[in-house]
Q: 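The structure's right below; bear with me while I get my questions together.
Chain letters run A, B, ... following the sequence lines, proteins first and then strands; every chain starts at 1. Remember, predicted model here, so these are calculated numbers, not experimental data. Below, each value reflects all heavy atoms present in this structure, side chains not excepted, and no hydrogens, waters or symmetry copies.
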Amino acid sequence: MEEFVVRGQNKRSPANDAISPRKKIKLERMKQEEEEEEEDEFSHPVPWQKIEAEGLDCDYALLFSKEEADHLLKQLEEEVVYSTGEEAKVQIFGKVYDIPRKQATHGDAGLTYTYSGVARLACPWTPTLEYIRDAVTKATGQTFNFVLVNRYKDGRDHMGEHRDDEKELDPLCPIASVSLGAPRDFVFRHRDTRGKRTRRQIEPVKLELAHGSLLLMNSPTNTFWYHGLPVRKKISLPRVNLTFRRILLDQKKRPSVDSQQGTSD
DNA sequence: CATTCTTCAAGCAG
DNA sequence: TCTGCTTGAAGAAT
């Protein structure tokens with residue numbers, strides 16, 4: 001089954017289930033030994049859960065207490081200014097639709113984010129975004145130069161299945177997804193199981209992303225698995241999601257390594 | 001050169 | 001009703 005053990009540790013807890021009784025998700029509690037990284041301000045190491053499937057490798061943890069997450073969400077609701085007008089629309093089949101959520105992009109000076117073929121300049125970091133970014137770095141050892149903020153005002157707001165596979169992303173850097181506000185279901189689906197002609201039988205992997213949680217999507221997850229945030233009409237409260245990324249500084253194609261397909265621009 | 005893959009929210013079926 | 005799978009065009013990739 002799971003032939004992909006990307007990380008070094010191999011202990012497995014019994015199968016667990018996040019939201020669906022028929023879905024089994026392998027969870028692994030990473031031991032707190034070999035913690036040379038815990039010295040700083042994180043007096044208690046983050047208890048990670050490993051989520052694995054064929055070609056999928058994620059780590060999930062509660063990064064912030066409820067009190068701190070409440071505070072961070074409140075701050076973000078005051079600080080973040082979301083795109084409006086043309087930037088809040090998407091064109092499909094020549095028809096223009098409103099994006100069913102709100103988006104903002106922040107990052108180091110000069111970085112751009114491409115959505116639906118349009119590049120947008122990153123706004124400067126805000127104090128709260130910097131604070132969360134640094135907390136993620138302390139918990140993961142990874143550094144990030146960009147964050148995409150998605151705000152889902154209620155359960156009608158959503159995001160369709162996609163991969164974060166852009167060429168300008170550092171392919172070896174995980175994408176770190178911080179969730180604040182209403183818990184929402186999150187679904188991974190293997191690319192070989194999508195569409196009319198399904199080639200393989202691979203079960204989707206479903207999670208619930210909690211208030212204050214951090215989900216790390218490690219390589220090669222975004223090569224093989226789509227992810228989406230489905231509509232959940234019973235949810236009436238907002239959720240704000242931050243996906244921290246590392247964008248390559250030289251926009252040129254990397255000469256070495258992979259020959260995996262990239263996405264369009 | 002032909003076939004497959006890609007984008008995304010809307011539409012629709014169960 | 002709500003949820004989740006399929007639809008649909010056309011350029012890019014292989």
Q: Using whole Å, report how far CG of A:Asp165 lies from C1' of C:dA12.
A: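 Answer to the nearest Å: 14 Å.
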
Q: Let's see if you can work this out: which of C:dT3, B:dT6, B:dA9 has an atom nearest to the side-chain heavy atoms of A:Arg232?
A: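 Of the candidates, C:dT3 comes closest.
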
Q: With the threshold set at 4.0 Å, does a side-chain nitrogen-carboxylate oxygen contact exist between A:Arg101 and A:Asp157?
A: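 No.
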
Q: Restricting to salt bridge (Lys or Arg N to Asp or Glu O under 4.0 Å), what partner residues turn up for A:Lys74, sequence neighbours left out?
A: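 By the salt bridge (Lys or Arg N to Asp or Glu O under 4.0 Å) rule, A:Lys74 matches no residue at all.
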
Q: Over how many whole Å does the gap from A:Asp185 atom CG to C:dC5 atom P extend?
A: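 Atom-to-atom, A:Asp185 to C:dC5, this comes out as 13 Å.
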
Q: My understanding is that only residues two or more places apart in sequence, or in another chain, count here; which of them pass side-chain contact (heavy atoms from CB on, under 4.5 Å) with A:Ser236?
A: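 Residues passing side-chain contact (heavy atoms from CB on, under 4.5 Å) with A:Ser236: none at all.
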
Q: What integer distance in Å separates A:Arg184:CZ from C:dC2:P?
A: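 Checked: the CZ to P distance equals 14 Å.
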
Q: Is any side-chain nitrogen or oxygen of A:Tyr226 closer than 4.0 Å to OP1 or OP2 of B:dC8?
A: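 Negative; the distance criterion is not met.
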
Q: For A:Asp164 and B:dT7, what is the distance between atoms CG and C1' respectively, to the nearest whole Å?
A: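 So the CG-C1' distance, A:Asp164 to B:dT7, works out to 14 Å.
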
Q: Taking the side chain of A:Lys206 as its heavy atoms from C-beta onward, which of C:dG4, B:dA9, B:dC8 lies nearest to it?
A: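 So the nucleotide nearest the side chain must be C:dG4.
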
Q: Given C:dT3, B:dA9, C:dC5, identify the nucleotide with an atom nearest to the side chain of A:Lys233.
A: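 Closest of the options to the side chain of A:Lys233: C:dT3.
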
Q: Determine: side-chain N/O of A:Arg189 to OP1/OP2 of C:dG4, distance under 4.0 Å, yes or no.
A: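 The answer is no; no side-chain N or O of A:Arg189 sits under 4.0 Å from OP1 or OP2.
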
Q: Provide, to the nearest angstrom, the distance between the CZ atom belonging to A:Arg191 and the P atom belonging to B:dC8.
A: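 My rounded result for the distance is 16 Å.
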
Q: Whole Å only: how far is the CG atom of A:Asn222 from the C1' atom of B:dT6?
A: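 To the nearest whole Å, that distance equals 15 Å.
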
Q: According to ring-ring contact (aromatic ring centres under 6.0 Å, His included), does anything in residues 63-92 of chain A pair up with another residue at least two apart or in another chain? List the pairs.
A: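 Applying ring-ring contact (aromatic ring centres under 6.0 Å, His included) to every pair that reaches into residues 63-92 of chain A, excluding sequence neighbours, yields nothing.
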
Q: Can you measure A:His190 atom NE2 to B:dC5 atom P for me and round it to whole angstrom units?
A: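 Taking NE2 of A:His190 and P of B:dC5, I get 13 Å after rounding.
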
Q: Going by salt bridge (Lys or Arg N to Asp or Glu O under 4.0 Å), name the residues that satisfy it together with A:Arg151, two or more places apart in sequence or in a different chain.
A: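 Counting only residues at least two positions away or on another chain, A:Arg151 forms a salt bridge (Lys or Arg N to Asp or Glu O under 4.0 Å) with A:Glu77.
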
Q: Would you indicate which nucleotide in B:dT6, B:dA9, B:dC8 comes nearest to any side-chain atom of A:Tyr97?
A: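 Of the candidates, B:dA9 comes closest.
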
Q: Ignoring backbone atoms, establish whether A:Arg156 has a side-chain N or O less than 4.0 Å from OP1 or OP2 of C:dC2.
A: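 For A:Arg156, the contact criterion (side-chain N or O under 4.0 Å from OP1 or OP2 of C:dC2) is not met.
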
Q: Kindly calculate the angle separating the two end axes of the helix from B:dA2-C:dT14 to B:dG14-C:dC2, each obtained from five base pairs, and round it to 10 degrees.
A: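 The angle, to the nearest 10 degrees, is 40°.
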
Q: Would you kindly give the CD-to-P distance between A:Glu161 and B:dT6, to the nearest whole Å?
A: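 Rounded to the whole Å, the gap is 13 Å.
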
Q: Is it true that A:Asp59 and A:Lys50 have a side-chain N and a carboxylate O under 4.0 angstrom from each other?
A: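 Answer for the salt bridge query: yes.
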
Q: Name the nucleic acid region contacted by A:Arg101, choosing base, sugar-phosphate or nothing; use a 4.0 angstrom heavy-atom cut-off, strictly under.
A: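 Result for A:Arg101 = sugar-phosphate.
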
Q: Apply salt bridge (Lys or Arg N to Asp or Glu O under 4.0 Å) to A:Asp164 and list each qualifying residue two or more places apart in sequence or on a separate chain.
A: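 A:Arg245.
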
